[in-house]
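Here the structure is laid out as structure tokens; the discussion comes afterwards.
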Amino acid sequence: SNVYDDEVIIDGVSYGSTPIEVMLPGGEHEVEILKYGYSAYAEKIRLKDAMSIRAELEKSEYSFTRGEKIQDILYRDVRGPELVVVPAGKFKMGDLVGNGLPNERPAETREIPNALGITDTEITVKHFRDFVEDTAYVTDAEKRGTCAILKNGRPEFNEKLSWKNPGYKQSDNSPVVCVSYNDAKAYADWLTAKSGFKYSVPTEAEWEYACRAGTKTAYSFGDDPADLDIYAWYEGNSGGAYHQVGQKNPNPWGLYDMHG
């Protein structure tokens, strides 16, 4: 189905959440797909051969709940990134505590007019690989040699480096790197085409709003930088190594790795 964490019931027996594959005898079967807050899908099928069912569940209310999770099925058993619903609202954008950059002052009131979904972690290597394998997309770094590593605090470009090989070991759950804005937009456009729902790269205001998560402190967890270890990887605690997404605590809206 098109929703996250649903329940599939066939002939009165629960089989868990989609996507699933089930072996059934030929003949007539009753299929239901349920999720709280959505209209149920129900259909009688006559099974003669292998078949696929895609169920479009419609939300019974017109607004998502803050913190609700959404995940679209793109094709076959490939799911899109998990999204967390961020509510509409107003916030002060910029330097609120006096230690930011000059272009972050003065802070200005901005409005996010509609609730939106934002990925709960950075886009991972696996997420990006699903896109590349489906489209044969070639990133800017692969075409122009614009991937860099830091040496003695300065970027050193290397045409052999890319998201596939950034110069250090990665896992499927590592954040994808060496991607440009063009690459990110191409990925979001692919999600739109595959899911039928509008995806885009967050604007600067949307990102800062999600990062602040309703707070007015230096960080979403408060003003004390000593607590940064609990929420972020950064130069002081990463040991120069790569880390997988979602290993630190999330911010108040359930978003990981927003600091660091």
Side-chain angles (χ1 to χ4, degrees), residues 1-86 115-137 164 170-176 186-200 244-247 250 254-256:
S1 79
N2 59 313
V3 299
Y4 174 78
D5 197 25
D6 55 13
E7 182 180 14
V8 178
I9 298 173
I10 303 175
D11 300 331
V13 178
S14 176
Y15 285 85
S17 298
T18 59
I20 60 171
E21 293 184 3
V22 182
M23 295 292 291
L24 298 168
E28 192 172 88
H29 300 278
E30 293 187 358
V31 179
E32 292 181 282
I33 304 179
L34 312 173
K35 181 173 180 176
Y36 177 76
Y38 290 80
S39 58
Y41 171 91
E43 183 180 0
K44 279 189 176 182
I45 64 167
R46 180 165 291 280
L47 188 63
K48 295 181 179 179
D49 202 347
M51 64 184 295
S52 298
I53 294 175
R54 180 177 175 86
E56 295 285 340
L57 274 61
E58 294 185 0
K59 194 164 178 63
S60 54
E61 300 175 0
Y62 288 102
S63 60
F64 287 98
T65 304
R66 188 182 84 184
E68 182 177 347
K69 291 189 175 182
I70 308 166
Q71 190 177 41
D72 291 319
I73 296 177
L74 306 180
Y75 57 94
R76 297 193 301 275
D77 60 345
V78 174
R79 287 180 176 264
E82 191 172 273
L83 308 176
V84 174
V85 174
V86 169
L116 57 95
I118 190 165
T119 56
D120 57 356
T121 71
E122 297 104 328
I123 299 302
T124 65
V125 171
K126 183 186 183 307
H127 289 142
F128 199 75
R129 186 188 301 119
D130 288 338
F131 157 59
V132 170
E133 289 181 347
D134 187 58
T135 62
Y137 182 84
K164 299 175 184 176
Q170 297 185 108
S171 73
D172 281 356
N173 208 37
S174 301
V176 70
Y187 173 72
D189 290 345
W190 175 75
L191 290 174
T192 297
K194 286 294 183 179
S195 70
F197 299 98
K198 176 63 178 174
Y199 282 79
S200 61
Q244 298 185 8
V245 301
Q247 292 184 318
L255 305 175
Y256 293 86

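Here the structure is a predicted model, which means the values were calculated and not measured.
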How close do [X] and [Y] get, counting heavy atoms only, and between which atoms?
| X | Y | result |
| --- | --- | --- |
| K35 | E68 | NZ-OE2, 4.4 Å |
| V85 | A115 | CG1-CB, 4.4 Å |
| P250 | Y256 | CD-CE2, 3.6 Å |
| P175 | Q170 | O-OE1, 4.0 Å |

Rounded distance (nearest 0.5 Å) linking atom [atom1] of [X] with atom [atom2] of [Y]:
| X | Y | atom1 | atom2 | result |
| --- | --- | --- | --- | --- |
| H127 | E82 | NE2 | CD | 8.5 Å |
| S174 | E122 | OG | CD | 10.0 Å |
| D130 | T124 | CG | OG1 | 8.0 Å |
| Q244 | N173 | CD | CG | 5.0 Å |
| S200 | D189 | OG | CG | 9.0 Å |
| R54 | Y41 | CZ | OH | 11.5 Å |

Start with the C-alpha distance between V84 and L255, add both sets of side-chain angles, then the distance that settles side chain to side chain contact (heavy atoms under 4.5 Å, CB included), and finish with yes or no. CA-CA 7 Å; V84 174; L255 305 175; 3.9 Å; yes
Quiz: residues 5-16 side-chain donor-acceptor pairs under 3.5 angstrom, not counting sequence neighbours:
unit_1: D6; atom_1: OD1; unit_2: T18; atom_2: N; d: 2.9
unit_1: D6; atom_1: OD1; unit_2: T18; atom_2: OG1; d: 3.3
unit_1: D6; atom_1: OD2; unit_2: S1; atom_2: OG; d: 2.4
unit_1: D6; atom_1: OD2; unit_2: T18; atom_2: OG1; d: 2.7
unit_1: E7; atom_1: OE2; unit_2: S14; atom_2: OG; d: 2.8
unit_1: D11; atom_1: OD1; unit_2: E30; atom_2: N; d: 2.8
unit_1: D11; atom_1: OD2; unit_2: H29; atom_2: ND1; d: 2.7

Between [X] and [Y] (side chain of the first, backbone of the second, donor and acceptor by atom type, cut-off under 3.5 Å), is there such a pair?
| X | Y | result |
| --- | --- | --- |
| T192 | K198 | no |
| K44 | E28 | no |
| N2 | L57 | yes |
| Q71 | G80 | yes |

List the steps and the verdict of salt bridge (Lys or Arg N to Asp or Glu O under 4.0 Å) for D172 and R129. CA-CA 9 Å; D172 281 356; R129 186 188 301 119; 3.0 Å; yes
With side chain to side chain contact (heavy atoms under 4.5 Å, CB included) as the test, would you mind laying out the steps for K194 and D134 before giving the verdict? CA-CA 10 Å; K194 286 294 183 179; D134 187 58; 2.8 Å; yes
Applying side-chain contact (heavy atoms from CB on, under 4.5 Å), name anything that partners T119, two or more places apart in sequence or on another chain. P81, L83, I123
Does E21, at its CD atom, have more than 12 non-hydrogen atoms belonging to other residues, nucleotides or ligands within less than 6.0 Å? no
With sequence neighbours excluded, what pairs up with Y137 under the ring pair (Phe, Tyr, Trp, His ring centres under 6.0 Å) test? F131
